[in-house]
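Worksheet: the structure to be examined is printed underneath.
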Amino acid sequence: AGPHKQHTTEVLDIQREKHVPATVFVSGNRIAWNEDILRKIIKEGHLIGNHSYSHPILKKLPTFQLGKQIIWTQIRLFLTTGIFPQYFRFPYGVEACRVWYFHLGPISGWNVDAYDWKAKNPKILAQNIIRQTKSGSIILLHDIKSDTVAALPDIIDGIRAKGYRIVSLKELLPISPLSRTRNRVYRSQNDTIHISQKKPWPLMPTTESIILAGQPHIITEIGTW
């Protein structure tokens, strides 16, 4: 939900030191005055995703306003970085089916959340995340929080100590402009990754549980359309 002038830069420094990729979901209203940070994210090999413009609960908005939240953020990110983000994340994790009218790429959720936005102890935060992490996990962290910055080195070291390799969403959930796996949403419920598929307008997407988080290699082989 950043970027944050100080904390996002600190996160990037830690990631560069430890050779860890990430996907930074950007709120459009935080782009102004932070353009240098966004270009730094791209330069250092990370992905940028769309996180709406002002972080509202999208399903409560009229369709026109919902579209503005997505499209205006896409345009601002393109003008700043030269890249159209392929990934989207719902603010607060609250889904809104009409997003598919305006965004054609994967919509990512998560299945590891230690609620770092209200954490008070970086050590406990790191322990909670490390304990939850399994093969195929998508970890939610907020780059606007100082406790997250403080916990990040321990999180990275702890995950690697369990024998896992940290990868970007692009590697975990690969997509291709020529494939039929672009219109998908990945989210978590009871440690299961779910998928929603886009149907021709005006039909709404349908959702089905497809696979446990520990088996990410099958994700792109199921439910193509």
Side-chain angles (χ1 to χ4, degrees), residues 1-12 15 22-42 46-81 83-120 125 129 138-152 168-169 173 183-189 194 196 198 205 207:
H4 184 281
K5 180 66 73 175
Q6 175 184 345
H7 299 326
T8 302
T9 300
E10 293 171 338
V11 166
L12 291 173
Q15 290 174 315
T23 303
V24 183
F25 287 95
V26 176
S27 294
N29 61 2
R30 288 180 174 266
I31 294 174
W33 311 112
N34 289 314
E35 291 91 345
D36 56 333
I37 297 177
L38 292 175
R39 287 188 282 266
K40 179 180 174 70
I41 291 170
I42 297 296
H46 306 293
L47 299 178
I48 283 182
N50 187 326
H51 196 39
S52 79
Y53 188 81
S54 59
H55 207 274
I57 297 178
L58 293 175
K59 72 176 184 178
K60 293 184 177 181
L61 298 182
T63 299
F64 175 73
Q65 294 294 332
L66 184 152
K68 285 179 61 177
Q69 287 280 331
I70 298 170
I71 294 172
W72 184 228
T73 302
Q74 289 287 93
I75 293 172
R76 292 288 304 275
L77 286 171
F78 176 75
L79 293 176
T80 301
T81 67
I83 293 174
F84 278 111
Q86 293 179 303
Y87 294 89
F88 181 84
R89 183 166 78 83
F90 291 112
Y92 307 104
V94 179
E95 297 182 26
C97 291
R98 289 169 296 153
V99 165
W100 274 270
Y101 297 157
F102 308 101
H103 179 82
L104 297 180
I107 299 178
S108 178
W110 61 88
N111 47 17
V112 174
D113 184 0
Y115 300 96
D116 61 333
W117 51 272
K118 63 178 182 179
K120 302 298 182 183
L125 171 61
I129 291 175
I138 300 176
I139 301 170
L140 173 65
L141 292 169
H142 293 83
D143 60 330
I144 61 176
K145 299 297 181 181
S146 60
D147 283 321
T148 300
V149 177
L152 189 56
S168 69
L169 278 181
L173 308 176
N183 302 94
R184 292 181 162 198
V185 58
Y186 301 89
R187 72 182 190 275
S188 174
Q189 180 176 332
H194 294 250
S196 291
K198 185 177 185 296
T207 303

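Put simply, the side chain of Pro56 reaches to within 4.5 Å of the side chain of Leu58, judged on heavy atoms. Here the side chains of Trp100 and Ile107 are in contact, with some heavy-atom distance below 4.5 Å. The shortest distance between side-chain heavy atoms of Phe78 and Gln74 does not fall below 4.5 Å. With contacts defined as side-chain heavy-atom distances shorter than 4.5 Å, the pair Ser168/His46 does not qualify. The shortest distance between side-chain heavy atoms of Val94 and Lys60 does not fall below 4.5 Å.
When all heavy atoms of Ile37 and Pro3 are compared, the closest pair comes out as CG2-CB, 4.0 Å. Looking at every heavy atom in both residues, Thr23 comes nearest to Gly49 through CG2-N, 4.3 Å. Here the closest non-hydrogen pair linking Ile138 and Gly109 is CG2-O, 3.3 Å. In plain terms, the two heavy atoms of Leu38 and Val26 that are nearest each other are CD2-CG2, 3.7 Å.
For His142 (side chain) and Lys145 (main-chain N/O), no donor-acceptor pair under 3.5 Å exists by modelled atom type. Counting only distance, with no hydrogens or angles, the side chain of Lys5 and the backbone of Trp33 share a donor-acceptor pair below 3.5 Å. A distance-only check finds no donor-acceptor pair linking the side chain of Ser108 to the backbone of Arg89 [under 3.5 Å]. With Arg98 contributing its side chain and Leu61 its backbone, the two residues share a donor-acceptor pair below 3.5 Å. For the pair Ser27 (side chain) and Asn29 (backbone), a donor-acceptor distance under 3.5 Å is absent. No side-chain donor-acceptor contact under 3.5 Å links Asp113 to the backbone of Leu140.
Partner of Thr148 under the side-chain contact (heavy atoms from CB on, under 4.5 Å) criterion, chosen from Ile129, Val11, Asp143, Asp116: Asp116.
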side-chain contact (heavy atoms from CB on, under 4.5 Å) between Leu169 and Phe25, worked out
CA-CA 11 Å; Leu169 278 181; Phe25 287 95; 3.8 Å; yes
Verdict with supporting geometry, Leu77 and Ile31, side-chain contact (heavy atoms from CB on, under 4.5 Å)
CA-CA 8 Å; Leu77 286 171; Ile31 294 174; 3.7 Å; yes
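The distance from atom CD1 of Ile71 to atom CZ of Arg76, rounded to the nearest 0.5 Å, is 15.0 Å. Annotation: the span from Tyr87 atom OH to His103 atom NE2 amounts to 9.5 Å, rounded to 0.5 Å. Considering CD1 of Ile41 and CD1 of Ile48, their distance stands at 4.5 Å, rounded to 0.5 Å. To the nearest 0.5 angstrom, Trp117 atom CH2 is 13.0 Å from Asp147 atom CG. In this structure, the separation between CG on Leu47 and CD1 on Ile42 is 7.5 Å, given to the nearest 0.5 Å. Between atom NE2 of residue His4 and atom CG of residue Asn34 there is a gap of 9.0 Å, rounded to the nearest 0.5 Å.
Around NZ of Lys40, the count of heavy atoms belonging to other residues, nucleotides or ligands within 6.0 Å exceeds 12. Within a 6.0 Å radius of NZ in Lys59, no more than 12 heavy atoms belonging to other residues, nucleotides or ligands are found.
Ring to ring, Phe88 and Phe90 are close: their centroids are under 6.0 angstrom apart.
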